[in-house]
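Sequence lines set the chain letters: A, B, ... in the order given, protein chains first and strands last, and positions in each chain run from 1.
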Amino acid sequence: MMLIIKDLHVSIGDKAILKGLNLSINPGEVHAIMGPNGSGKSTLANVLAGREDYQITQGSIEYQGLDLTRLSTDERALQGIFMSFQYPVEIPGVSNLYLLKSALNAQRKKQNLPEIDAMDFLNIVREVMKQLQIDETYLYRDVNTGFSGGEKKRNEILQLLLLKPSLCLLDETDSGLDIDALRIVADGINLIRDPKRSIIVITHYQRLLDHVVPDVVHILSAGKMVAEGDRSLVARLEAEGYEPFLEKKTAGAA
Amino acid sequence: MSTMVLHEDRGLDEKQVQKAALACPVWPLKQRLHAFQTWQTLPVPSVRDEAWKYTSLARFEKLALNPNKASTHRGPFKGFPFEIKSPAFYFINGRFAADLSSPLSDEIRILSQTLAPENVDLAQNSGYFESLNSALFSDGAVLELQKNRNEEDPIYLVFLHDADENLAMQHLRHHIRVKTNVHSACVLMDWNLNDIADFSTQIIDIDLEEKAELNCLHLRKPHRSGYHYTKTSAQLAAESKLIHFNLDFGAKLVRNELTVSLLGEKARCELNGLALALGHDHIDNHTQIRHLAAETHSQEHYRGIINDKAVNIFHGHILVAATAPQSNAEQHNKNILLSAQAEAYAQPQLEIYNKEVQCTHGATIGDLDEEALFYLRSRGLSDLISRQLLILGFAHNLLATIQNIPLQHVLETLIKAELALTFDFDTE
Amino acid sequence: MKTQNEALETLLAQDYEHGFVTEIESDTFEAGLNESVVRAISKKKNEPEFMLAWRLKAFEYWQSLKEPHWAHLHYPAIDYQALSYYSAPKTPGQGPKDLSEVDPKLIETYNKLGIPLKEQEWLAGVAVDAVFDSVSVATTFKAKLNEMGILFCSFSDAVQEHPELIQQYLGTVVPYTDNFFAALNAAVFSDGSFVYIPPGVRCPMELSTYFRINAKSTGQFERTLIIADKDAYVSYLEGCTAPQRDENQLHAAVVELVALDRAQIKYSTVQNWYPGDENGLGGIYNFVTKRGECRGPHSKISWTQVETGSAITWKYPSVILKGDHSVGEFYSVALTNHHQQADTGTKMVHLGEYSKSTVISKGISAGKAQNTYRGLVKIAASAKGARNYTQCDSLLMGTECGAHTFPYLESKNNTARVEHEASTSKISEDQLFYLAQRGIGTEDAVSMIVNGFCKAVMKTLPMEFAVEARKLLGLSLEGAIG
């Protein structure tokens with residue numbers, strides 16, 4: 001198994017957000033997680049990435065046989081977990097190029113590989129940038145600083161393609177993208193679909209899932225998974241909204 | 001009278017004033033003695049004075065100060081990392097070192113060798129440190145910049161401190177005038193050569209004539225236990241532009257007062273400042289930008305990196321007079337506190353008397369941005385590296401405004417060494 | 001009605017029965033300030049010994065002080081010996097007999113604000129039944145509040161009836177040593193309000209001086225003390241939303257708020273003392289010390305002020321955030337027109353861990369007015385994880401006005417975060433043109449834009465207060481653009 005989450009309870013401060021979430025993902029699978037605002041979708045991604053102000057009060061997360069909760073954020077990243085941020089952070093004064101190189105070298109160091117040669121590195125990056133139709137000047141700009149929403153999201157996918165993680169968490173990567181950018185990003189994601197790699201796509205809308213076809217679709221509501229199905233679930237959701245699923249949940253709870 | 005005794009106890013008396021007058025006769029002894037008396041009778045600024053609210057001179061007030069001896073040191077200068085190719089003028093222990101310096105010219109003269117006392121107005125500098133400087137200054141540079149010169153090829157003024165006694169004094173005074181339409185650049189450096197605490201004061205007057213531009217970087221790397229006061233006053237005529245960068249490596253006390261008067265229409269200034277306050281450093285930057293004419297513009301970015309038990313103070317006053325419509329002013333002050341005992345004080349101030357203006361200011365004090373830290377760590381960078389990266393990024397943001405790239409690199413290396421940053425930031 | 005009127009007269013007359021000390025025989029003290037005046041005030045109010053002792057210490061301290069002049073204000077020197085330090089509540093007949101004796105400009109303003117006739121009379125100081133209506137209203141409320149154990153009375157009554165609470169809390173937030181005006185107030189304050197909310201009680205209504213008869217003519221040196229015990233809640237409204245007739249040139253009030261564990265106090269002010277005329281003549285000098293202390297964990301104190309009055313305003317409602325996770329808020333609109341000068345802001349002193357403060361200040365300058373925000377945010381070494389956010393915006397409307405921002409940020413804890421932002425703006429010709437094109441006249445447009453500018457603050461006011469405050473902003477700006 002790539003990921004096994006059992007009965008996960010998470011709170012921020014006094015507020016419980018995830019309330020007994022279960023999720024299992026096999027290698028090579030693409031799982032879509034959908035749900036209304038405030039249902040806990042982004043919390044799940046952040047908890048998996050290891051954000052410190054989220055407290056796990058109950059439950060377990062097993063990733064490739066490891067107890068994920070024992071690892072720090074950067075250790076998780078080096079173990080192959082990558083989160084594409086819903087709101088990529090601006091880091092003034094630190095160039096994109098530097099971040100990409102440092103991240104790649106941190107990974108290589110973990111694998112006991114020598115630091116990447118500057119020229120080789122540039123060649124790899126240029127290749128990926130071409131795929132994503134990103135201008136090269138962007139390498140020398142500060143991380144996400146002054147980027148448009150679309151540029152930031154493309155930057156996330158660039159890092160994803162470069163770092164080749166085992167488990168990708170795409171947190172509303174489609175928001176803020178126009179049709180063309182969405183296609184480019186989707187193509188990028190499809191490119192890394194691999195029998196050894198799993199992808200969690202968190203989204204509100206059908207449109208990204210038209211391009212990146214999920215194996216399993218989950219509906220998250222009030223901190224719990226309330227429905228699971230194949231891609232037809234997306235169409236049903238699009239037609240009927242979340243309402244029927246939420247009612248089912250209430251009925252179940254009662 | 002008790003103050004007189006005290007001053008003599010501290011090693012200051014009229015004999016030294018006489019010596020200074022001999023060394024630099026540009027200013028008559030009588031005026032110097034007057035300044036000395038002023039200094040003796042002036043009350044020492046206290047934390048009850050609004051302008052000295054966060055900076056106490058209580059300790060300094062009791063310290064014995066020593067005269068500076070001539071130094072025969074002619075290099076190599078320990079730790080001095082700059083390879084200077086453009087014209088450079090050296091002062092060691094407050095004395096001009098002709099043998100180390102480029103030849104003097106119409107553009108560059110030395111105060112002690114100048115006969116006509118121009119731009120020298122004693123009454124303008126009547127504060128505590130100013131009057132001490134007026135009494136005791138030993139030399140300085142007089143720049144009358146008439147030729148275009150870009151930022152990559154500035155004039156260097158290097159002030160080396162080679163004290164052989166504790167708190168040996170160095171008092172300098174400079175006049176920089178940029179002629180109409182001339183674009184020029186200069187770099188001022190205070191550099192301590194040995195392990196003895198130094199005390200220095202500097203008074204710098206800058207005059208930009210119409211459409212003149214000056215790019216001026218002032219770097220101070222004194223002894224950690226030293227005391228340093230700098231007052232810079234700039235007057236900008238119509239359509240002139242001043243770009244000023246102030247870089248401070250700390251000391252026991254660093255106090256900088258920078259006043260820029262935008263006197264002519266469309267005059268503009270950009271003031272940048274970076275303070276690295278470590279150990280027991282105390283760095284106090286007071287800036288004032290006076291918008292006095294129409295369509296004047298100012299931008300100010302001051303930042304502090306504060307660690308250990310150090311203190312950083314920023315006091316930035318922006319005045320927009322009723323006579324300055326269509327002006328705008330933008331001021332930013334950011335401080336990062338890296339240790340539990342570090343302290344930061346910020347006073348960004350706007351005083352505005354005209355409605356046809358746009359002014360903003362912002363100030364922050366805090367630790368490194370948690371979100372950015374998380375982002376970097378989620379990309380596999382360790383906590384330590386992520387922190388260092390953010391710190392250097394914070395400094396780099398300002399350093400990037402320096403167009404003299406080799407100089408920018410040297411400064412970045414210096415900063416990394418100062419902050420003990422271990423990684424390589426080279427993005428080549 | 002007549003019997004009620006008689007009852008009121010009796011009530012008001014009671015004060016006089018206590019008699020005066022021998023050296024001063026009239027119901028208004030002669031001008032001048034010395035120790036015997038302080039003793040006389042205390043004696044007249046029949047105060048217990050601890051009060052007199054406290055007043056005398058304050059007076060002694062005040063004598064050692066000089067009037068502060070650091071604020072961005074200019075006014076002629078105040079002769080403290082030329083003022084009278086005690087003025088008894090007026091008997092009916094002393095004020096204007098009816099509205100025809102009141103300044104027509106004031107009446108005009110009342111009509112614009114839509115204030116009922118009876119209230120107009122009350123506000124203008126006409127001693128008639130309107131006052132009495134308020135008393136009866138107040139009495140009804142009082143009974144209800146008493147049932148819940150809430151104490152809401154005049155400061156003088158509290159000194160007589162609950163001396164233990166006064167002794168426990170008086171001067172613990174604003175000590176008489178705090179500043180020049182606080183020392184003066186402590187020595188000579190005549191009366192004010194007292195509120196105590198017992199543990200766990202949520203005060204069911206907005207408390208207001210409006211409903212308290214003896215709030216009238218409490219004079220220049222008012223003193224208010226509000227205590228919210230553990231888990232209690234109270235919202236307090238100060239002042240009323242119409243310009244008040246007042247002959248006193250100098251006001252030096254003190255307000256102390258104490259919030260114990262998890263308690264919340266919301267204090268709203270609409271201040272509109274006489275600002276002076278368009279030439280800057282007359283008007284009130286308002287030097288107020290307001291401070292709250294979040295003494296217990298998770299307590300919260302929130303100040304909201306809309307300042308449109310006074311010739312001079314010197315006022316910094318502050319919060320001492322002592323309790324862990326305590327919260328301080330300051331929302332302010334300060335509008336100055338003509339020759340008014342305001343130097344106002346706040347102090348947020350963070351001592352407790354994870355204490356949080358928010359400061360939103362909106363300054364509007366018109367005419368020849370000077371408007372200054374002055375604020376201190378202080379993070380003590382103990383304030384781990386503290387947060388402050390401050391936003392100060394100035395709107396300049398006059399050609400000769402000034403808008404100034406003087407914040408002080410001090411931090412001694414690296415886990416804390418302090419953020420300050422300020423900006424200036426003006427009402428643009430484009431905005432006015434756009435609104436004019438939609439059929440909105442200049443004055444309404446200005447009022448609309450100003451209200452929009454102040455929205456973040458206005459929405460924190462209790463509803464009925466906000467409606468009147470909005471009207472008041474419009475009125476204060478009449479003729480500001482044109």
Shortest non-hydrogen contact from [X] toward [Y]:
{"X": "Ala77(A)", "Y": "Arg377(B)", "result": "CB-O, 3.7 Å"}
{"X": "Gly380(B)", "Y": "Ala106(A)", "result": "O-CB, 3.4 Å"}
{"X": "Ser84(A)", "Y": "Arg379(B)", "result": "CA-NH2, 4.4 Å"}
{"X": "Gly393(B)", "Y": "Val94(A)", "result": "CA-CG2, 3.8 Å"}

Crowded around [X] [atom1]? As in, over 12 foreign heavy atoms under 6.0 Å?
{"X": "Glu52(A)", "atom1": "CD", "result": "no"}
{"X": "Lys334(B)", "atom1": "NZ", "result": "no"}
{"X": "Glu62(A)", "atom1": "CD", "result": "yes"}
{"X": "Gln131(A)", "atom1": "CD", "result": "yes"}
{"X": "Glu83(B)", "atom1": "CD", "result": "no"}
{"X": "Phe147(A)", "atom1": "CZ", "result": "yes"}

At what distance, to the nearest 0.5 angstrom, does [atom1] of [X] lie from [atom2] of [Y]?
{"X": "Tyr98(A)", "Y": "His396(B)", "atom1": "OH", "atom2": "NE2", "value": "11.5 Å"}
{"X": "Ser382(B)", "Y": "Leu78(A)", "atom1": "OG", "atom2": "CG", "value": "9.0 Å"}
{"X": "Arg51(A)", "Y": "Glu370(B)", "atom1": "CZ", "atom2": "CD", "value": "9.5 Å"}
{"X": "Tyr375(B)", "Y": "Asn144(A)", "atom1": "OH", "atom2": "CG", "value": "4.5 Å"}
{"X": "Leu389(B)", "Y": "Ser102(A)", "atom1": "CG", "atom2": "OG", "value": "6.0 Å"}

Let me know if Ala400(B) has heavy atoms under 4.5 Å from chain A in its side chain, its backbone, both or neither.
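Interface part for Ala400(B): neither.
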So which part of Ile81(A) gets closer than 4.5 Å to some heavy atom of chain B, the side chain, the backbone, both or neither?
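Answer is backbone: N, CA, C or O of Ile81(A) sit under 4.5 Å from chain B.
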Side chain, backbone, both or neither: which part of Glu75(A) has an atom under 4.5 Å from a heavy atom of chain B?
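Contact with chain B is absent: no heavy atom of Glu75(A) under 4.5 Å.
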With a 4.5 Å cut-off on side-chain heavy atoms, are Leu373(B) and Thr73(A) touching?
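No - every pair of side-chain heavy atoms lies 4.5 Å or more apart.
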Would you check if Asp369(B) and Ile91(A) make a side-chain contact, meaning some heavy-atom pair closer than 4.5 Å?
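A side-chain contact is absent here, since even the closest heavy-atom pair is not under 4.5 Å.
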Using the side-chain contact (heavy atoms from CB on, under 4.5 Å) rule, take Asn46(A) and Phe374(B) through it: C-alpha gap first, then chi angles, then the decisive distance, then the call.
CA-CA 10 Å; Asn46(A) 278 291; Phe374(B) 176 67; 3.7 Å; yes
At under 4.5 Å between heavy atoms, what parts of residues 156-169 of chain A are in contact with chain B? List them by residue number.
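When heavy atoms of chain B are the reference, residues 156-169 of chain A contributes Glu156(A), Gln159(A), Leu163(A) within the under-4.5 Å range.
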Please report the C-alpha distance between Asp142(A) and Asn397(B) in whole Å, then the side-chain angles of each, then the deciding distance to 0.1 Å, and finally whether the side-chain contact (heavy atoms from CB on, under 4.5 Å) criterion is met.
CA-CA 9 Å; Asp142(A) 292 351; Asn397(B) 239 216; 3.3 Å; yes
